[in-house]
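Have a look at the structure below before the remarks.
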Amino acid sequence: MTVRFPFDNSYAALPEGFFARVAPTPVPAPKLVKLNRPLAAHLGLDPDWLAGPEGVEILAGKRVPDGADPIAMAYAGHQFGHFVPQLGDGRAILLGEVIDADGVRRDIQLKGSGPTPFSRRGDGRAALGPVLREYIVSEAMAALGIPTTRALAAVVTGENVIRETALPGAVLTRVASSHIRVGTFQYFAARSDVAGVRRLADHVIARHYPDLANADRPYYALLEAVIARQAALVAQWLLVGFIHGVMNTDNTSVSGETIDYGPCAFIDAYDPATVFSSIDEMGRYAYGNQPRIALWNLTRLAECLLPLFSDDQERAIAEAQSALGKFAEAFDAAYQAGLRRKLGLFTARDDDPDLANDLLKAMAENAADFTLTFRRLSDAAADPAGDVALRKLFTDPAAFDAWALRWRQRIATEPQDAAARQAAMRAVNPAFIPRNHRVEAVIRAAVDRNDFAPFEELLTVLAQPYEDQPALARYAEPPARHERVLQTFCGT
Ligand code: AMP
Ligand code: MG
């Protein structure tokens, strides 16, 4: 039989305690909803075969491909600040790893493929709505240029899952550079299994940070590297208005990819206190809190690594603190550089952060749409006639005028010409993001009416977020008052 999946599994070769071997549970009538053909090809998989009967059975967990070594990964995690010593893949199964066209090792994981030893009271299944949401948002993030897990495929299972009501069941095939989380380290640390922590750290270094293998202090360097990637990642989230929604330590990837899309959403009107998730009652994971939470999660990772730093606890703690102390600077540098690019500034000046902050403040006070403000600013950079459309986004347009005066003075001191500035700004200020009301409308059409045309159309728009796409310009618009979606759900 031809090997259709060129598996090269490394996680399944780790000691038994790292995972549980478990096969997906077969489903009655799988049907393909969507296959990500370019991604399939990039992974060395044949898209036509994957879309065929045998491929779809694999994507639904009805058939296990040759070379797969299906496992559920063990992990722990702080959920909303409370430690749970055992979570693990309760509804996900890692089929195996492949090496992609860039030489990068990628996990291929089914999400919603049936119970595992980590399912606790859950059914191991996923409903179609959350599967479509993850497909849309993760692919949108990739197109925006933000590190993320990818969606390879979505299938419906032909079986209902019982949530508050009966809903169509679905399976998402997810691709990640790994599914190792801060919570994976916590799993071993909570059991005082220092050998396990070390084994995991060695695996993570070899896989994600190979340059560190020969560092003086490889585990310290690992912590620093994860801190740097998380700082850069969260800065990128803020720069496009993304709210993860459930930044628990088990949803924080050590590779620095955005992972575990649940009640995530993008802000429309700019307000740093924005929360969409129905379960985030205290606003712990509000838009503007995300950098602070990332540091909190990284502090939990540092605690796990302490025994690897030094036998001398005080010294180990001092090392951890020194690494954690670099987060704020790394985040600020990435965030401020990103804001400068969004404003069309190529050079850096001391008062640029104030200029950016004052715009954000005016936007917050005037309920200006985050994405549209910056997109229209790109055009106004080339032609002040663009101000007309821009001012309208502010409840008090004069608030924009006052700021625009300062901005124009500032860009006049820049070496680049207006056309170059506009082009550079359009390449960082997207026209299209997965707006909440659009995502909800797509899910309603699919779940209530079995109509996947809106899903396809939204994916098309979001695949080129920095292009104007005039025929689809309506997708750039913020929701009308009656269209606003203020709450999102985990849907597990
Ligand atoms: P999440 O909030 O999706 O990050 O999941 C948190 C934990 O709950 C993880 O251990 C999941 O595997 C588990 N979980 C979520 N939904 C289900 C489900 N339907 N069945 C079993 N486990 C689940
Ligand atoms: Mg999770």
Side-chain angles (χ1 to χ4, degrees), residues 18-20 22-25 27 61 70-94 107 109-135 137-138 148-149 151 156-157 159-176 178-187 190 230 243-255 257-265 275-281 284-285 293-294 297 300-301 488-492:
F18 280 62
F19 51 78
V22 53
T25 306
V27 295
I71 56 173
M73 291 166 68
Y75 54 85
H78 275 91
Q79 300 188 305
F80 290 89
H82 300 287
F83 186 62
V84 184
Q86 181 167 309
L87 290 163
D89 288 334
R91 55 164 170 163
I93 291 176
L94 177 64
D107 276 3
Q109 189 203 60
L110 302 180
K111 188 168 171 185
S113 52
T116 77
F118 302 109
S119 296
R120 291 168 293 161
R121 286 182 300 279
D123 59 2
R125 291 292 177 193
L128 178 58
V131 164
L132 296 182
R133 176 179 286 273
E134 176 156 357
Y135 196 114
V137 183
S138 63
T148 177
T149 61
V156 284
T157 59
E159 202 169 58
N160 279 342
V161 295
I162 310 303
R163 297 295 179 257
E164 267 147 32
T165 56
L167 295 166
V171 177
L172 180 81
T173 305
R174 180 161 75 173
V175 175
S178 86
H179 286 84
I180 303 168
R181 307 137 192 277
V182 168
T184 318
F185 281 90
Q186 289 181 293
Y187 180 84
Q230 281 291 326
I243 308 176
H244 182 283
V246 201
M247 282 178 75
N248 292 334
T249 56
D250 53 302
N251 295 337
T252 301
S253 146
V254 296
S255 76
E257 287 176 343
T258 314
I259 191 172
D260 277 13
Y261 292 85
C264 60
V275 173
F276 289 110
S277 168
S278 63
I279 55 171
D280 190 5
E281 284 157 17
R284 179 179 170 91
Y285 300 140
I293 291 294
N297 291 345
R300 305 290 79 79
L301 174 63
T488 51
F489 301 89
C490 269
T492 55

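Residues take their numbers from the sequence shown, with the count starting at 1. Note that the structure is a prediction, hence the values are computed from the model and not measured. Whatever order the structure lists them in is the order used to number ligands and atoms, beginning at 1.
- Shown in contact with Arg125 at under 4.0 Å from a heavy atom are these atoms of ligand 1, numbered in order with element: 19 (N).
- Note that the OG1 atom of Thr184 and the CG atom of Leu301 stand 10.0 Å from one another [nearest 0.5 Å].
- Using 4.0 Å as the threshold, Gly262 has no heavy atom nearer than that to any atom of ligand 1.
- Between Tyr285 and Phe80, the ring center distance clears the sub-6.0 Å criterion.
- The part of Arg120 lying near ligand 1 is the side chain, judged by heavy-atom distances below 4.0 Å.
- Formation of a donor-acceptor pair under 3.5 Å by the Gln109 side chain with backbone atoms of Ala72 is not found in this model.
- Of the options Gln79, Arg181, Arg91, the smallest heavy-atom separation from atom 1 (P) of ligand 1 is shown by Arg91.
- Taking 4.5 Å as the limit, every side-chain heavy atom of Ile293 sits out of range of all side-chain heavy atoms of His244.
- Side-chain contact between Pro70 and Pro24 is present, with at least one heavy-atom pair separated by less than 4.5 Å.
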Could you walk me through whether Thr25 and Arg125 pass the side-chain contact (heavy atoms from CB on, under 4.5 Å) test, one step at a time? CA-CA 10 Å; Thr25 306; Arg125 291 292 177 193; 3.6 Å; yes

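- Judged purely by distance below 3.5 Å, without hydrogens or angles, the side chains of Thr252 and Asn297 pair a donor atom with an acceptor atom.
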Let me see the working for Leu128 and Val156 under side-chain contact (heavy atoms from CB on, under 4.5 Å), right down to the final yes or no. CA-CA 7 Å; Leu128 178 58; Val156 284; 3.9 Å; yes

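- At least one N or O atom of Gly88 sits closer than 3.5 Å to an N or O atom of ligand 1.
- Each protein N/O/S atom under 2.8 Å from the Mg ion (ligand 2) was counted, for a total of 2.
- Between Arg163 and ligand 1 there is a heavy-atom distance shorter than 4.0 Å.
- Not counting sequence neighbours, the partners of Arg174 by the salt bridge (Lys or Arg N to Asp or Glu O under 4.0 Å) test are Glu134, Asp260.
- Within the 4.0 Å heavy-atom criterion, the part of Tyr75 lying near ligand 1 is the side chain and not the backbone.
- Under a 4.0 Å heavy-atom criterion, Val246 is not in contact with ligand 1.
- Ligand-side atoms of ligand 1 in range of Ser119: 21 (C), 22 (N), range being under 4.0 angstrom from any heavy atom.
- When only modelled atom types and interatomic distance are considered, Tyr261 and Thr148 share a side-chain donor-acceptor pair under 3.5 Å.
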Which is it for Arg181 and Met73 under the side-chain contact (heavy atoms from CB on, under 4.5 Å) test, yes or no, and what are the steps along the way? CA-CA 10 Å; Arg181 307 137 192 277; Met73 291 166 68; 5.8 Å; no

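- Near Asp260, meaning under 4.0 Å from any of its heavy atoms, are these atoms of ligand 1: 4 (O).
- Near Gly124, meaning under 4.0 Å from any of its heavy atoms, are these atoms of ligand 1: 18 (C), 19 (N), 20 (N), 21 (C).
- The heavy atom nearest to atom 19 (N) of ligand 1, out of those in Val84, Asp89, Asp123, is found in Asp123.
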Should Tyr75 and Asp89 be marked as a side-chain contact (heavy atoms from CB on, under 4.5 Å) after you check the CA-CA gap, both sets of side-chain angles, and the distance that decides it? CA-CA 8 Å; Tyr75 54 85; Asp89 288 334; 3.2 Å; yes

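- Below 4.0 Å from some heavy atom of Asn251 lie the following atoms of ligand 1, by number and element: 4 (O).
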